[in-house]
Amino acid sequence: MTNNDLLLAISNMLDPMRKDIQGIQVNVQSLQKDMKEVQADVQVLKEDVGNLKEEVGSLKEEVGSLKEEVGSLKEEVGSLKEEVHDIQVRVKKIELTQENVVIPRLNTIESCYTSTYNRYKENVETYEGMKQDITVLKSVVAEHSEKLQMIS
């Protein structure tokens, strides 16, 4: 075999490899293209993650301030509970005072008033008669005084 024959034989053996290499090159180019897209997507994701980190940071700050406010509100509610308890105790004392002191005294005043009213109501006619009698007595006394002065 000659050198040309050898080269031709080697060339024939390399042809299928060349086709495979060309296919691989096409695949590599496609992969490179896909890699660029993935890199762009990763960059976008990195930016999004950065934004999310910032947002999470601000949310943490807000949650911290909310925790402080809730703590403050809890203290105020505790204070209000104590005040309400004090008010309940005072109201209970007022109710007991009303029940044991004020109401019995009001009942006594009412009974005195009612009895006085009933006496007045029953004696109103007598008072009218007494007024007339007094008027008559005044006129009789005046008349007798005049007669006595004439006699003296």
Side-chain angles (χ1 to χ4, degrees), residues 13-152:
M13 286 185 352
L14 289 176
D15 280 342
M17 286 180 168
R18 280 187 193 148
K19 288 181 183 176
D20 289 343
I21 289 172
Q22 286 176 348
I24 290 172
Q25 283 177 339
V26 168
N27 287 340
V28 166
Q29 288 174 351
S30 172
L31 284 173
Q32 286 175 340
K33 187 178 186 183
D34 290 345
M35 281 300 291
K36 285 181 183 179
E37 290 176 8
V38 167
Q39 284 176 342
D41 289 346
V42 166
Q43 186 61 35
V44 169
L45 285 174
K46 281 182 181 180
E47 291 172 6
D48 289 346
V49 166
N51 291 337
L52 285 175
K53 282 182 180 180
E54 289 176 14
E55 290 176 12
V56 166
S58 76
L59 284 175
K60 282 182 180 179
E61 290 175 11
E62 290 176 15
V63 166
S65 71
L66 284 175
K67 282 183 180 180
E68 290 176 12
E69 290 177 15
V70 166
S72 170
L73 287 175
K74 281 182 180 179
E75 290 175 10
E76 290 178 18
V77 166
S79 168
L80 288 174
K81 281 183 180 179
E82 290 176 12
E83 290 178 19
V84 166
H85 178 71
D86 292 345
I87 290 171
Q88 287 174 334
V89 168
R90 290 182 69 195
V91 166
K92 189 67 174 174
K93 286 179 181 178
I94 291 169
E95 288 173 344
L96 289 172
T97 301
Q98 283 180 338
E99 183 179 336
N100 295 325
V101 176
V102 174
I103 292 175
R105 290 180 86 183
L106 282 175
N107 287 337
T108 302
I109 292 169
E110 178 188 22
S111 93
C112 287
Y113 176 78
T114 305
S115 67
T116 302
Y117 171 76
N118 287 334
R119 274 193 314 249
Y120 175 76
K121 183 178 162 188
E122 291 169 3
N123 293 317
V124 154
E125 292 172 8
T126 308
Y127 293 136
E128 288 299 320
M130 286 171 51
K131 277 171 82 178
Q132 288 176 357
D133 289 346
I134 289 171
T135 305
V136 169
L137 274 172
K138 281 182 180 180
S139 64
V140 168
V141 167
E143 189 180 310
H144 284 175
S145 290
E146 285 178 17
K147 284 182 184 179
L148 280 174
Q149 278 187 357
M150 285 187 174
I151 296 176
S152 22

Quiz item: What distance do Leu137 atom CG and His144 atom NE2 have between them, rounded to the nearest 0.5 Å?
Solution: 10.5 Å

Self-check item: Rounded distance [0.5 Å steps], NZ in Lys131 versus CG in Asp133
Solution: 12.5 Å

Quiz item: Distance from Gln32 atom CD to Gln39 atom CD, nearest 0.5 Å?
Solution: 10.5 Å

Quiz item: Counting N and O atoms only, with roles assigned by atom type, does the side chain of Ser30 sit under 3.5 Å from a partner on the main chain of Val26, one being a donor and the other an acceptor?
Solution: no

Quiz item: Is the shortest heavy-atom distance from the side chain of Thr126 to the side chain of Met130 under 4.5 Å?
Solution: yes

Practice problem: Would you mind telling me which of Val141, Ile134, Thr135 makes a side-chain contact (heavy atoms from CB on, under 4.5 Å) with Lys138? | Solution: Ile134

Quiz item: How far does OH of Tyr117 sit from CD of Glu122, to the nearest 0.5 angstrom?
Solution: 10.5 Å

Quiz item: Ignoring hydrogens and geometry, is there a side-chain-to-backbone donor-acceptor pair from Ser72 to Glu68 under 3.5 Å?
Solution: no

Quiz item: Would you call Glu37 and Lys33 a salt bridge, using N to O less than 4.0 angstrom?
Solution: no

Self-check item: CD on Glu76 to NZ on Lys74, rounded to 0.5 Å
Solution: 13.5 Å

Quiz item: Roughly how far, to the nearest 0.5 Å, is the OG1 atom of Thr97 from the CZ atom of Arg90?
Solution: 11.5 Å

Exercise. Decide side chain to side chain contact (heavy atoms under 4.5 Å, CB included) for Lys147 and Met150; before the verdict, give the C-alpha distance in whole Å, the side-chain angles of both, and the deciding distance to 0.1 Å.
Key: CA-CA 5 Å; Lys147 284 182 184 179; Met150 285 187 174; 5.6 Å; no

